[in-house]
Amino acid sequence: MTTTERIGVWNQVVGQEAAVETLTSAASAAAKIVAGEPAPPGAMTHAWLLTGPPGSGRSVAARTFAAALQCSTGTGCDACPGCHTTMAGTHADVRLVVPEGLSISVAEMRALVQAAARRPTTGNWQVVIIEDADRLTEGASNALLKAVEEPPDRTVFLLCAPSDHPEDISVTIRSRCRLVTLRTPAPEAIADVLVRRDHVDPERAHWAASVCGGHVGRARRLATDEAARQRRATVLRIPLGLRRPADVFTCADQLISAAEADAGEASKGRDEDERNELRTAMGGDGVGKGVAGAKRAAEAAVKQLEKKQKSRATRTQRDTLDLALVDLAGFYRDVLVTATRSGATLNHPDHADQIREAASAWTPESTLRRLEAVLECREAIDLNVKPRIAVEAMVTTLRQG
């Protein structure tokens with residue numbers, strides 16, 4: 001079943017035919033369980049682990065599956081209130097955990113597990129979707145494990161992670177989940193959804209699909225955001241732009257500034273709206289007698305919110321910087337592909353001329369050293385090395401080769 005042949009909410013899942021088949025079968029079995037009818041053994045279970053590379057659509061697949069579970073027909077019809085509210089993020093019995101900081105805390109997970117233990121109020125199931133489950137702290141993993149080991153009736157946990165490796169998800173949680181593996185979507189499938197869902201011009205859609213590295217969200221942003229296209233172009237000018245020692249600091253500044261700009265755009269307006277809503281909810285904007293206490297409480301809550309927003313901005317900046325580093329790594333990989341005449345598809349086909357120039361100027365050994373420097377920078381940032389220090393060390397190696 002191809003993307004364009006799917007019906008209902010499943011049209012949102014791009015290039016994942018095997019995963020969709022598994023999840024649709026499970027949703028049909030879940031509908032039979034709700035109706036008190038016999039369901040195929042093993043078709044539906046209480047805990048799922050959806051894995052796949054960044055941009056493969058793990059969280060989209062999880063939301064779509066949740067919609068099908070809440071669907072009045074059990075098919076994910078995209079016409080009933082259960083489908084509409086789940087996909088809109090407003091269903092009372094679907095809880096979505098998106099880590100806004102660098103990790104998911106034990107307190108957050110305990111509160112979530114308690115809420116998930118209740119019976120559904122308006123839907124068929126209590127559904128908990130945990131995006132980036134690899135960000136669970138050890139304490140949060142233990143809190144979740146207790147719920148997964150003894151799940152309440154009509155509660156389903158949907159975990160999303162890059163892989164089922166112990167570094168991403170604990171072995172004990174993995175052993176209690178049914179695994180659904182997503183693959184990198186084909187460029188044709190990505191272009192199709194950009195044209196069909198986002199009304200992108202076909203030529204631009206095919207370009208974005210060819211340079212996004214299989215990341216559906218990145219393809220959409222490149223296709224619709226001129227600033228994103230400019231930032232990518234800036235990053236890909238770095239490899240051949242390191243001609244003088246001073247260029248090291250200039251290029252490092254460009255990488256850091258691009259990440260900060262992306263983080264700023266993602267937070268623009270949202271942070272202030274959250275602060276205003278919180279003040280209003282707590283009566284901090286009131287006037288007259290007796291409001292002094294409310295104002296103090298509101299200001300204390302706002303300070304706590306600002307701390308959370310700062311953590312979210314740090315995460316957004318690091319995620320954006322990581323995307324830039326992935327682009328850089330793709331460039332050096334393309335240089336190796338070109339130098340060895342392997343015939344593999346380029347990550348950056350629109351920069352083929354620059355890639356050929358680099359391949360003729362660098363030895364394969366120096367190109368590999370540059371690629372390793374980019375990968376080491378990603379790892380260093382993941383280990384909480386200050387981004388500027390890690391980036392400057394990387395760019396120094398990129399210049400020296």
Side-chain angles (χ1 to χ4, degrees), residues 9 12-13 23 26-27 30-31 33-34 44-51 57-72 74 76 78 80-137 139-161 168-170 173-174 176-178 180 182 270 274 277-278 281 304-305 308-309 311-312 315:
V9 295
Q12 301 292 323
V13 185
L23 296 175
I33 293 172
V34 171
M44 180 60 190
T45 187
H46 68 284
W48 298 76
L49 175 60
L50 284 70
T51 66
R58 302 184 300 253
S59 59
V60 174
R63 290 191 194 210
T64 304
F65 183 34
L69 291 176
Q70 305 293 16
C71 179
S72 58
D78 201 22
C80 68
C83 286
H84 284 170
T85 54
T86 301
M87 297 305 291
T90 58
H91 197 293
D93 295 321
V94 179
R95 290 172 171 80
L96 179 64
V97 181
V98 182
E100 295 190 329
L102 299 177
S103 62
I104 302 174
S105 69
V106 61
E108 184 177 5
M109 188 51 55
R110 283 174 178 164
L112 183 75
V113 167
Q114 286 182 348
R118 305 174 189 139
R119 291 191 61 81
T121 55
T122 61
N124 301 322
W125 303 83
Q126 281 276 9
V127 183
V128 178
I129 302 173
I130 304 176
E131 291 189 12
D132 300 323
D134 53 307
R135 295 179 186 263
L136 289 164
T137 63
S141 291
N142 291 335
L144 176 62
L145 177 62
K146 293 179 181 179
V148 174
E149 283 180 328
E150 300 176 2
D153 291 338
R154 298 285 191 88
T155 297
V156 180
F157 293 93
L158 307 179
L159 282 61
C160 306
D168 286 334
I169 202 81
S170 74
I173 290 179
R174 162 66 184 92
R176 289 159 176 80
C177 296
R178 183 170 177 184
V180 176
L182 278 64
R270 178 181 178 185
E274 287 178 343
E277 288 174 6
L278 182 59
Q304 188 65 30
L305 174 63
K308 179 180 177 182
Q309 290 173 340
S311 178
R312 182 173 66 202
R315 180 201 165 194

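- Contact check on E131 versus R58 returns no salt bridge, with no Lys/Arg side-chain nitrogen under 4.0 Å from an Asp/Glu carboxylate oxygen.
- A side-chain donor-acceptor contact under 3.5 Å links Q70 to the backbone of W125.
- I130 contributes atom CD1, which lies 4.5 Å from atom CG of L144 (distance to the nearest 0.5 angstrom).
- Using a distance-only test at 3.5 Å, with no hydrogens or angles considered, a donor-acceptor pair links the side chain of H46 to the main chain of V148.
- A pairwise comparison of heavy atoms in L158 and A62 identifies CD1-O, 3.4 Å as the closest pair.
- With hydrogens and angles disregarded, a donor-acceptor distance shorter than 3.5 Å links the side chain of D93 to the backbone of T122.
- Note that the CG atom of L69 and the CE atom of M44 stand 4.5 Å from one another [nearest 0.5 Å].
- The CZ atom of R176 sits 5.5 Å away from the CG atom of L145 when rounded to the nearest 0.5 Å.
- Scanning both residues, L182 and A61, for their nearest heavy atoms gives CD2-CB, 4.1 Å.
- Here the shortest heavy-atom pairing between T86 and A67 reads CG2-N, 3.4 Å.
- Across all their heavy atoms, L49 and A161 have their closest contact at CD1-CB, 4.2 Å.
- In terms of modelled atom types and a separation under 3.5 Å, the side chain of T85 and the main chain of P81 share a donor-acceptor contact.
- Considering only heavy atoms from C-beta on, V180 stays 4.5 Å or farther from F65 through its side chain.
- Within the 4.5 Å cutoff, no side-chain heavy atoms of L23 are placed close to those of T64.
- Rounded to the nearest 0.5 Å, atoms CZ (R63) and CE (M87) are 7.5 Å apart.
- With a 4.5 Å cut-off on side-chain heavy atoms, N142 and K146 do not count as touching.
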